[in-house]
Protein chains: 2
Amino acid sequence: MSTITNKINYQQMDKESRRTGNITLKEVAEAVGVSTMTVSRVINNRPNVDEKTRKKILEAAKKMGYTPNHVAKSLVSSRTYTIGVIIPEISHSFFPEVVRGIEEATNNKNYQIFLTNTSDNFGKEQKVLNALRSKRVDGILVSSSLTTDDFSFYKLIIKSGLPLVFFDRGIEDIGASCIGVNDKTASRQITEHLISHKYKRIGYLSGPKRVSIGKERFNGYIEAMTRHNLEIDERLIIENGFNEKCGYAAMNELLALPKEIWPRAVVAVNDPVAFGAMDAIREAGLSIPNDIAIVGFTDDIRAKLVACPLTTVQQPAYEVGKKAASKLIRTIENKDEPVETVELITKLVIRKSCGC
Amino acid sequence: MSTITNKINYQQMDKESRRTGNITLKEVAEAVGVSTMTVSRVINNRPNVDEKTRKKILEAAKKMGYTPNHVAKSLVSSRTYTIGVIIPEISHSFFPEVVRGIEEATNNKNYQIFLTNTSDNFGKEQKVLNALRSKRVDGILVSSSLTTDDFSFYKLIIKSGLPLVFFDRGIEDIGASCIGVNDKTASRQITEHLISHKYKRIGYLSGPKRVSIGKERFNGYIEAMTRHNLEIDERLIIENGFNEKCGYAAMNELLALPKEIWPRAVVAVNDPVAFGAMDAIREAGLSIPNDIAIVGFTDDIRAKLVACPLTTVQQPAYEVGKKAASKLIRTIENKDEPVETVELITKLVIRKSCGC
DNA sequence: GTTTCGAATGTTAGCGATAACATAAATTAT
DNA sequence: ATAATTTATGTTATCGCTAACATTCGAAAC
């Protein structure tokens, strides 16, 4: 008895208060007078369906405005054709370009992307990661804003078998692929370019060294200084975040030092940091590059436009995104895809801020 | 008999070749020795569960690394807590800011966003819209790249009851809310600013007039010209797309006219178009603003940095995104939410390109 | 000590689709 | 014409979870 009541209730709901106006396979099947399986076969272009039935079903489906319910499909197949993308700062022009690349690669393969912007907040990063797991994304692309050394979270995800690829900012030796650029080499080269200007006291505005780009770029700077036997003055190395404000603050920290030990030139971990630093330099009434030269990293859209055009390293952002997404998709679709670290090639862009 | 075989197969698959390493409610239930319903109640913080059982279940769930399967939940509830976002050009700095605003609003309410970049390609827009429908997003935010007059597609979606909110580029009288700015007024004002410089021949580089911003901004220009009794020379009005290349092409079209009828000033539908036009003007060996003055719309990140800083209209991009997302969420969560058109207030930013 | 009630827990069916098998219908082969 | 194959179609159970109802159990009420 109760069973029957139950059934009736559901049917009533079906007819009276369905929240979504969506047609189901079953409804199409009933309209045509076949079983759901036959409709399913037609919708998915499977063989063994009579041409006449196929046509009838297709017509009915179209007329009724049938849209396959991908949620149900995902439940059966354990595949969502969805990728989670986590970026630290969408306002930094590098990232929209990366996203464009990701989009390009994923769309071709019929994946959708969940985009989330963490604003460099690791708490949010964790929260989002959990949401993405719950939504059963097929894989995750992430440029981590990690600033603590708690990698356990990522380790868990990777161990759980959920494909994950880092781009730009990766975490090393954690068993995930990472698509970035030749950070260390490029950083060494641009520092050497400053050295070729005969500057001796060269400061460094660093990002968090926990993150691959933070560490690698810093190492490149150190390598350049060491190779050329220049003194590495710890006081001239300021570690802070990756954005403009951080650059501004870091530069002001340098300018708060006694004038005698001021750097003659500064290497910034990226362009936003360089822009922030440039503001600080200008506000201090100093001239770029005559008093203090500066170089960046990224080739932000503004780099060539600022008052003193910024010498920087051009990163293939679009390519990074595209490669990372392709790698992730391969990892998703083929469980033997190897873990690898890819370094794309950058290009030194000499402008004025270095003193050229 | 066959039924039994079937059962065995499924069980084998369960144990041997489960693709996902994900724990299910059922497994947690078995581990603790209760029914799935009880676990469900605990996970969802429902009442009527003994404190001891609750604790035991929570512990087991944590130890086993249980993550709720949101796909299954969505199937039951017909709610995905997912919003589709369609933008025409992620490279245009206006849009990342909008996305940041959208992110802000959606994340607070625990929605995820599917981001798709159509590259101003309506074919892709349609394809994506279908994918989003299939994935049963709870609502859609779109800045349409529509260039034909085939609105039927949107009409269908709106009629189907799927909440949809336009932002920036909307389609009028179609029964959906639109969050934009006071395009017409702002466009009139900036044109009037040029008029205040005593320019008489003022050209207009238009976007597609099918789209709200295309039409409204154009109307603002016309209104300004009319109010001040200036001749509207059809030859000085070029309709093209919204990006830099289009601006470049459009401006060159103007410059191909006989010199006598060249415009003395040009209003561009947005900043990228203005930048493209500026390139064309410079390439023609002309000076901005001395030979040809120009103004834009957007206040792109580059506007203040270009050789001749661009006079433009500052749009509250972040706000547009945030408002649009909030409106959409309200529309999703409350079926009586009214359809409305919101115009946020812009600000004229006077720089040099107008001749000031 | 039985009844009554509410809290704790369990059972069943269903969300919309598909895999795997079963069966009916149409062909082909013999 | 009948058996052997295909081909077309249907049935059932399942994905992981939850609503709705059913049941159990202990404690208060009589």
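All chains are named by letter (A, B, ...) in the order of the sequence lines, taking the proteins before the strands, and each is independently numbered beginning at 1.
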Rounded interatomic separation in angstrom, taking CZ from B:R79 and P from D:dT18: 15 Å

Phosphate-side-chain proximity, B:T38 and C:dG10, N/O vs OP1/OP2 below 4.0 Å: yes

Presence of A:K26 side-chain N/O under 4.0 Å of C:dA17 phosphate oxygens OP1/OP2: no

Per B:A72 side chain, nearest of listed nucleotides D:dG16, D:dG10, C:dT18: D:dG16

Atom pair distance, as rounded to whole Å: CD in A:E51 and P in C:dA26: 17 Å

Pair of N/O donor and acceptor under 3.5 Å linking C:dG16 base with B:R136 side chain: no

Whole angstrom value for the distance that separates C1' of D:dT14 from CG of B:N69: 14 Å

Nearest atoms (heavy-atom pairs only) where B:I332 meets B:Y111: CG2-OH, 3.8 Å

5' precedence on DNA chain C between A:V71 and B:R41 (nearest-nucleotide basis): B:R41

Sugar-phosphate, base or nothing in reach of A:P68, heavy atoms under 4.0 Å: sugar-phosphate

Atom-to-atom span, NZ of B:K135 to P of C:dG16 - whole angstrom: 19 Å

A:K73 side-chain N/O to C:dG16 phosphate OP1/OP2 under 4.0 Å: no

For atom CD of A:E30 and atom P of D:dG10, their distance in whole Å: 12 Å

Presence of B:R46 side-chain N/O under 4.0 Å of C:dA8 phosphate oxygens OP1/OP2: no

N or O in side chain of B:N48 less than 4.0 angstrom from C:dG6 OP1/OP2: no

Distance below 4.0 Å between B:N44 side-chain N/O and D:dT18 OP1 or OP2: yes

side-chain N/O A:T53 vs D:dT9 OP1/OP2, d < 4.0 Å: yes

B:E89/B:S119 under side chain to side chain donor-acceptor pair (under 3.5 Å): CA gap, chis, key distance, verdict: CA-CA 5 Å; B:E89 194 44 88; B:S119 308; 4.6 Å; no

For atom CG of A:L25 and atom C1' of D:dT9, their distance in whole Å: 15 Å

Nucleotide nearest B:M37 (side chain, heavy atoms from C-beta), chosen from D:dA8, C:dT11, C:dA17: C:dT11

Nearest-neighbour nucleotide for the A:S35 side chain, D:dG10, C:dG16, D:dT18 considered: D:dG10

Donor-acceptor pair between B:K135 and B:T80 side chains, under 3.5 angstrom: no

Donor-acceptor pair between A:K73 and A:N44 side chains, under 3.5 angstrom: yes

Mutual orientation of the aromatic rings belonging to B:Y154 and B:F122 [parallel < 30°, tilted 30-60°, perpendicular > 60°]: tilted

Whole-Å gap separating P (C:dA17) and CD1 (A:I43): 9 Å

Rounded distance (Å) that lies between atom P of C:dA7 and atom CZ of B:R54: 14 Å

